Each structure stands twice: as C-alpha cells, then as structure tokens.
Amino acid sequence: MNADKPEFEALERPAADVAADIAARTDSYFNRTRKIVEAFGDKRVTYAIFLRRPVICAPRLMLNWLNMVAALRGTEIDVDLIYREGDWVGAGEPIVYLTGSLARMSDLETILLQKIGPASVAAHNAYQMALSLPQVAFLAMEARHCAGAEMQDMMSYAASVGGDAAKKEGAKGFIGNANDGTAHWFGASHGYGTMPHSLIGYAGSTVRAAEMFRETYPNQPMTVLVDYFGREISDSLAVCQRFPDMAMAGELAFRLDTHGGRFLEGLDPAESYAVLERYAPGAIRRYRSETELRFLVGTGVSAAAIWRMRETLDEAGYRKVRIVVSSGFGVEKCRVMADAKAPIDVVGTGSFLPDLWHETYATADIVEYDGVPMVKIGREFLLRKNGARKRGG
C-alpha cells in the first residue's frame, strides 16, 4: 500500500488476533462475500469512501489500520488520497479511493468506515470552533465524554487535525489536551491542567486549594477553578491577593465553569445586559435565538460573565491574569462569544465531539471492477472524473 501524505507506519499485532478481530467486528455479509469471491474468482476493485456532510479530512487512523492489515495479509492496496489530512471536503466528495483485491478487502469496509467518519466530523467541529475565536487557544478535554480508549484517541486526533487546519488560516487552534495518553497528537509529552472541583472541596476553600497546588508544583503556572463556592469574583480576587507576584507575572489564570443553574456571582438578567451594554452592545441589539441569548446573558458561563470577570480583574490591577472558560463550548457557543468579543484566553472543551452521531456515518461503494467503472444507480458522482487523482495534493 502507498500514500503520498501522511506517512503511515505499520502497527504490530499478531496476525491471528487481527484476523479474529476483523471477523468478529465486521458485518457478516462482508465475511460471506469474501468467501464467495474466493470460491468464484477474485477481482481487482476500487472503493470510494465519502461522507454526506462537509468535513475536515482526518484519514490517518483508518489508513494506519489498513496499512497494518494489508501487511499482515501480504496484499497491496493502492491508496489514492484525494484530500490530504486537514483539507476541507464537501458533502458527497470522495475522500479516498482504495484499490486492491476484493477477496482481501471486502471484509474491511465496516471497520474502515468506523475509523474515518467520526474523526472527520469532529475535526470539522474543532476547525469551526478555532476559526470562530482565532485569538483564543483551545485545550481538548474530550476524554470524559468518550466511550473508551479507542474513541478517546480518535477524538483527540480529530481535535489536533481540526486545530491545525485552523492554524493554517491564522488561528491559535488547539494547543494541547488534558491527558498524557493522547498528548502526542498535539506534539506534547503530557496533558495540561491544574485542579478539578474535587481539590477545592478537599481543601475547604479556593485559596487553600491554590496554596496546596503551589506548594506541590512550585515552578508551574496555575489555573484555579473559582465556581465551587459560587464566589467567582470574590475568590478570584482573594487568590490574586494571596499570590500577587504570580498575578503580575501572568502566571495565574482562573477557570470559569459555572453551571447552567445559576448566574456568576453578582450577576442576574438585568446586570448581565448592563455588562454587555458596556462592552459589546452590538451583540444584544439584534435578533437572537433563545440559545444565543442564554450564551450572551443567561446563566452559566455567558459572555456577560466573562466580561464581568475581566472587568473586575482589570479594575483591581490584575490585567495579566488570564481567563480560561469551559462548559458547553461547541461551535455555536464559540460563534456567539466571538460576536460578543468575549475576553477569553483559553477554551477548555470536549464539545467538538459530534452532537448528531448519524452525521458521522461514512459510506463506501465500489466504483470499478477490474478497471471497468461501475457503481450502483444514484452513486455515479463517486466515479473518477477524467481519471483525475489527488485533488488535494
């Protein structure tokens, strides 16, 4: 098998284990097709793989796996990657053509589709989020929302691909993630993060939790959660007063994670509107959906809450203290925050995971049999156009 980019390294697993895994996980009619083809004569076929919605091309996990299987089976599979990793792909556009033995490929379709569809949709979400807030750094926090290690690895990979695509257009994108196991996708040796709510509860106060962290990790910057006791403003100022040198040096940040059942300390609907009137009046002076209004002036981590935190810190002289936000920062919320020019330094999010899982379903169709173009009626758009190859390259 060959591919121009990216490079695909073989993964080492016992051949018997791989064969058993494929046989168990693939749809049974593909297993039966393999046996029929082996009995009646093989053909060289070409598969086209596509999704029904726009995506960012994220093929590496699929192609790494395919490369491993091809090597174990001793077969050659030609990879015509039409779009390179990180390219935008339109709905229905073939992402890749795979050509090889039908007997050796027919039972791979199910798993191949699993490995490219969700990753490409999640990458598109990450790309849109990062482009919406180009001056903001993103931290991937997908692990807790994933159904096991395989999905966790896939979603972290997707965030890195979408983030890198946004970086090419001038955004800061995704700078890392929250755990060590998938940090390599971001070129890092470890995950980022300082403290969860449980540490605040254990310490008994926000300031004491910060003191414990500082004593344990004296040479690291510190991001402090400030919503545990519902005193985001008061506790932030108290931590700044306790660590003035860190605050002045830009080594201190506060993470807003206020849940949707209450307002940030000191805010209510009227005061939230007043805050945005001071800093982003245009954001509230046009039609807004109910969801957009909630993101702007509602409970939880709203644009008004972020502006109020920035206003408070600046008035107290802590202009270098950064603001990290989390809690439901998906594509739509990021766009609303951009419209309100919310003063965010970092977004921690796992909300690039697809909301509508049916949109992640990739599809494959054979488009050539022994070099003869042929596909089921209605899928003619998948046929190669004038033999063109590598539009992404």
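Keep in mind that the numbers below use all heavy atoms, side chains included, and drop hydrogens, waters and symmetry copies. Because the structure is predicted, anything quoted here is derived from the model rather than measured.
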Under a single-linkage rule joining Ile, Leu, Val, Met, Phe, Trp and Tyr whose side-chain heavy atoms are separated by less than 4.5 Å, which residues share a cluster with Phe40? Ile36
Ring centroid separation Phe352 to Tyr127 under 6.0 Å: no
Testing the basics here: between Ser120 and Ala58, what is the closest heavy-atom pair and its distance to 0.1 Å? OG-N, 3.3 Å
If the threshold is 4.0 Å, N to carboxylate O, is there a salt bridge linking Glu271 and Arg278? yes
Sorted by chain and number, sequence neighbours left out, side-chain contact (heavy atoms from CB on, under 4.5 Å) with Ser156 holds for Glu142, Asn177, Thr182, Trp185, Phe186
From CG (Leu133) to NZ (Lys172), nearest 0.5 Å: 11.0 Å
Could you check whether atom OH of Tyr273 has more than 12 heavy atoms from other residues, nucleotides or ligands sitting under 6.0 Å from it? no
For Ser132, is there any backbone N or O sitting under 3.5 Å from a side-chain donor or acceptor partner on Arg335? no
Ionic contact status for Glu292 with Lys333, cut-off 4.0 Å: no
Please list, chain by chain and in numerical order, all residues satisfying side-chain contact (heavy atoms from CB on, under 4.5 Å) with Glu277, sequence neighbours excluded. Pro281, Ile284, Arg285
Gap separating the OG atom of Ser302 from the CG atom of Leu296, nearest 0.5 angstrom: 8.0 Å
Residues two or more places apart in sequence or in another chain: which of them pass side-chain hydrogen bond (donor to acceptor under 3.5 Å, both in side chains) with Gln220? none
Please give me the minimum heavy-atom distance between Ala304 and Ser272, naming the atom from each residue. CB-O, 3.6 Å
Residues which pass ring pair (Phe, Tyr, Trp, His ring centres under 6.0 Å) with Phe213, listed by chain and number, not counting sequence neighbours: Tyr217
Taking all heavy atoms of Leu313 and all of Cys240, pick out the closest pair and write down the distance. CD2-SG, 4.1 Å
Identify which one of Arg214, Met248, Glu251 satisfies the side chain to side chain contact (heavy atoms under 4.5 Å, CB included) criterion when paired with Phe243. Arg214
Ignoring hydrogens and geometry, is there a side-chain-to-backbone donor-acceptor pair from Trp307 to Ala280 under 3.5 Å? no
Please say whether more than 12 non-hydrogen atoms of neighbouring residues, nucleotides or ligands are located less than 6.0 Å from CD in Glu290. no
Inspect the surroundings of CD in Glu150 and state if more than 12 heavy atoms from other residues, nucleotides or ligands are less than 6.0 Å away. no
I'd like to check the side-chain contact (heavy atoms from CB on, under 4.5 Å) partners of His190; sequence neighbours left out, ordered by chain and number. Asp180, Tyr192
For the pair Glu38 and Arg104, find out whether any cationic side-chain nitrogen is under 4.0 Å from an anionic carboxylate oxygen. yes
Chi angles and distances behind the side chain to side chain contact (heavy atoms under 4.5 Å, CB included) call for Ile49, Thr363: CA-CA 6 Å; Ile49 294 180; Thr363 302; over 6 Å; no
Looking at Arg231 and Glu265, is there a salt bridge between them, counting it only when a charged N and a carboxylate O are closer than 4.0 Å? no
Quick test of your reading of the model: are Lys320 and Asp345 salt-bridged, counting only N-O distances below 4.0 Å? no
Any Lys/Arg nitrogen of Arg308 or Glu311 sitting under 4.0 Å from an Asp/Glu carboxylate oxygen of the other? yes
How many angstroms lie between atom OH of Tyr228 and atom CG of Leu199, to the nearest 0.5 angstrom? 10.5 Å
Any chance CZ of Arg319 has more than 12 other-residue heavy atoms, nucleotides or ligands included, within less than 6.0 Å? no
With sequence neighbours excluded, what pairs up with Thr291 under the side-chain contact (heavy atoms from CB on, under 4.5 Å) test? Ser289, Arg294, Phe295, Glu332
Check step by step if side chain to side chain contact (heavy atoms under 4.5 Å, CB included) holds for Val325 and Arg255. CA-CA 5 Å; Val325 298; Arg255 177 155 77 97; over 6 Å; no
Do the side chains of Lys167 and Asp164 get close enough for a salt bridge, i.e. N-O under 4.0 angstrom? yes
Which residues end up grouped with Phe30 if you chain together Ile, Leu, Val, Met, Phe, Trp and Tyr wherever their side-chain heavy atoms are less than 4.5 Å apart? Tyr29
Assess the side chains of Glu85 and Tyr157: does a donor N or O sit below 3.5 Å from an acceptor N or O? yes
Could you state the interatomic distance from CG (Leu102) to CG (Asp107), rounded to the nearest 0.5 Å? 9.5 Å
With rounding to the nearest 0.5 Å, note down the distance linking CG in Leu98 to CG in Asp80. 9.0 Å
Any donor-acceptor pair under 3.5 Å linking the side-chain atoms of Thr206 with those of Asp235? yes
Between Tyr318 and Ala247, what is the shortest heavy-atom contact and its length? CD2-CB, 3.8 Å
Taking a hydrophobic cluster as the set of Ile, Leu, Val, Met, Phe, Trp and Tyr residues connected by side-chain heavy atoms closer than 4.5 Å, whether directly or through intermediates, do Ile323 and Val226 fall within one such cluster? yes
Surrounding CZ of Arg32 (heavy atoms of other residues, nucleotides or ligands, distance under 6.0 Å), is the total greater than 12? no
How long is the span from the CG atom in Leu252 to the CE atom in Met246, to the nearest 0.5 Å? 5.5 Å
With no hydrogens and no angle check, just 3.5 Å: does a side-chain donor-acceptor pair link Asp42 and Ser101? yes
Is there a side chain to side chain contact (heavy atoms under 4.5 Å, CB included) between Met141 and Thr349 once you walk through the steps? CA-CA 5 Å; Met141 299 174 65; Thr349 179; 6.0 Å; no
Could you tell me whether the side chains of Thr110 and Asp27 share a donor-acceptor contact shorter than 3.5 Å? yes
Partners of Asp314 by side-chain hydrogen bond (donor to acceptor under 3.5 Å, both in side chains), sequence neighbours excluded? Arg310
Side-chain polar contacts of residues 364-375 - donor-acceptor pairs under 3.5 angstrom, sequence neighbours left out - could you list them?
from   : atom 1 : to     : atom 2 : distance (Å)
Asp365 : OD2    : Arg379 : NH1    : 2.3
Glu368 : OE2    : Arg384 : NE     : 3.3
Asp370 : OD1    : Arg44  : N      : 2.9

Do the charged groups of Arg286 and Asp339 touch, with an N to O distance under 4.0 Å? yes
Which ILVMFWY residues are connected to Ile175, directly or by a chain of links, through side-chain heavy atoms under 4.5 Å apart? none
Excluding sequence neighbours, so at least two apart, what forms ring pair (Phe, Tyr, Trp, His ring centres under 6.0 Å) with Phe50? Phe381
Could you walk me through whether Ser236 and Phe254 pass side chain to side chain contact (heavy atoms under 4.5 Å, CB included), step by step? CA-CA 7 Å; Ser236 294; Phe254 295 115; 3.7 Å; yes
Measure from the side-chain N and O atoms of Asp87 to the backbone N and O of Arg84, and report whether any donor-acceptor pair falls under 3.5 Å. yes
